[in-house]
There are 2 protein chains.
Amino acid sequence: MPQRTGRNMTAPPSTARRADPGPREIVIVIDDDAMVRGATETLLRSVGFAVLTFERPQDALEADWPDVPGCIVLDIRLPQFSGLDLQRRLAESGTATPVIFMTGHGDIPMTVTAMKAGAVDFLTKPYRDQDLLDAVSRAIETDRNRRAEGAALAGLREAHAGLTQREREVLEGVARGLLNKQIAGELGLAEITVKLHRSSMMKKMGLRTVAELVRAADLLASAQTRV
Amino acid sequence: MPQRTGRNMTAPPSTARRADPGPREIVIVIDDDAMVRGATETLLRSVGFAVLTFERPQDALEADWPDVPGCIVLDIRLPQFSGLDLQRRLAESGTATPVIFMTGHGDIPMTVTAMKAGAVDFLTKPYRDQDLLDAVSRAIETDRNRRAEGAALAGLREAHAGLTQREREVLEGVARGLLNKQIAGELGLAEITVKLHRSSMMKKMGLRTVAELVRAADLLASAQTRV
DNA sequence: GGCGGGCCCATACCAACGTATGGCCGGGCG
DNA sequence: CGCCCGGCCATACGTTGGTATGGGCCCGCC
């Protein structure tokens with residue numbers, strides 16, 4: 001393989017504005033210590049991860065990363081606001097990228113808070129390189145699964161948004177296992193009208209069987225209530 | 001309300017062999033320090049929990065607790081084997097009762113291991129009484145939900161076990177959204193035969209709609225793969 | 001041997017589903 | 001204004017689902 005310009009990023013030489021196809025996997029590293037940032041970046045790059053480093057968590061929040069599987073590695077003690085704050089803010093902004101904490105002087109309550117908030121791992125400095133690599137690999141695998149589910153859900157939500165109100169009502173009735181006749185009764189419609197909405201709804205949602213519809217409706221409902 | 005014999009357990013004066021209706025909620029306390037056991041038991045009883053205390057984790061494993069919502073509170077450092085071992089053994093034996101750790105001299109890696117293994121909380125001594133009570137309340141609530149789901153699942157599994165092989169095959173086909181005709185083709189049967197198995201299966205499973213069936217089948221399948 | 005249960009199939013009938021076609025209404029839009 | 005679209009309903013027809021009834025086969029158990 002020929003060498004690229006300078007960095008070992010796997011990006012085409014075309015436009016360099018934004019990460020277009022982007023790297024395959026990315027690790028966001030946040031630490032106020034430049035030495036740590038450099039060492040961590042070197043380590044992660046050596047095994048093929050793309051890396052973005054930030055000194056301050058605010059910078060990481062404002063930057064937009066490539067939309068590929070990844071994870072965040074950060075010290076729990078950081079300038080401005082703590083790693084726990086960042087974790088919370090990320091969750092609030094809908095970013096569910098897995099978070100790995102590392103710290104040299106953390107305490108147990110802090111650890112418990114971080115883990116309960118969904119951190120996938122918590123490393124104590126000094127840690128072995130392999131420990132970080134293992135944790136990052138697991139976290140990225142987690143993110144990959146999360147993204148697969150999220151993509152399916154996003155497609156469903158988009159299709160659901162394209163439904164008319166009536167179609168949504170019929171969808172809900174079918175998912176509850178009601179007969180067309182019963183749905184018609186609830187909505188004050190004729191049975192034939194329900195059939196029409198139902199047929200149109202199934203087309204728009206790309207569903208072909210009641211089984212698919214039930215699963216899709218449950219996915220939408222659970223995502224609704226979780227948020 | 002008249003006072004009972006001596007203890008403030010809500011048990012009828014009939015047979016005292018085993019906890020028949022049992023207390024409403026139970027907390028298992030495991031600690032090698034008799035003072036801690038006593039103090040913790042007093043605290044928990046004062047707010048209405050039933051409490052069982054054990055000095056050694058082995059005792060807790062061998063004892064059988066009343067089958068009511070509850071949780072386990074234990075020190076992470078214990079004689080014979082550690083709290084982490086106990087947590088693992090409980091999981092292996094199918095007991096998913098929530099675990100709360102408390103410790104005076106734990107370290108972060110230990111905390112991380114415990115949390116990743118599913119501990120619901122991790123208290124550091126000295127803790128405030130209220131912290132323990134809060135953690136216990138949350139854990140019991142978790143257990144209550146887990147039990148509600150488990151009971152529903154157990155009923156499903158029992159019904160599923162009562163099906164014949166053919167009925168299970170038909171169930172699986174219906175859950176995949178296949179037509180009776182298609183199921184018949186896959187199984188090399190006549191369509192009418194599939195209808196008969198299907199009808200019998202729905203009766204045995206206590207299901208009345210395809211929607212219910214799909215959800216039941218998915219629950220069974222997910223529980224299958226998780227174990 | 002009889003008896004029950006699982007398994008298989010056939011005929012028959014009704015209910016529910018799905019689709020097509022046509023008609024009516026109201027509102028937004030070029 | 002005409003047109004389209006969403007919503008509503010009707011008739012009609014073919015498919016699928018659900019149940020009942022009756023029959024046959026095999027096997028284990030009392």
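Values below: all heavy atoms of this structure, side chains included; hydrogens, waters and symmetry mates excluded. Chain letters run A, B, ... following the sequence lines, proteins first and then strands; every chain starts at 1.
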For [N], does OP1 or OP2 lie under 4.0 Å from any side-chain N or O of [X]?
X: A:S199; N: C:dG18; result: no
X: B:K195; N: D:dT19; result: no
X: B:H197; N: C:dG6; result: no
X: A:T164; N: D:dG6; result: no
X: B:N180; N: D:dG17; result: yes
X: A:K181; N: C:dA15; result: no
X: A:T193; N: D:dC9; result: yes

Nearest-Å distance for atom pair [atom1]/[atom2], residues [X] and [N]:
X: B:I183; N: D:dG17; atom1: CD1; atom2: P; result: 8 Å
X: B:M201; N: D:dT19; atom1: CE; atom2: P; result: 11 Å
X: A:E167; N: D:dC5; atom1: CD; atom2: P; result: 14 Å
X: B:I192; N: D:dG22; atom1: CD1; atom2: P; result: 15 Å
X: A:R166; N: D:dC8; atom1: CZ; atom2: C1'; result: 9 Å

Sub-3.5 Å donor-acceptor pair from the side chain of A:E167 to the main-chain atoms of A:L163, do we have one? no

Report which part of the nucleic acid B:L189 touches: base, sugar-phosphate, or nothing (heavy-atom distance under 4.0 Å, all strands). sugar-phosphate

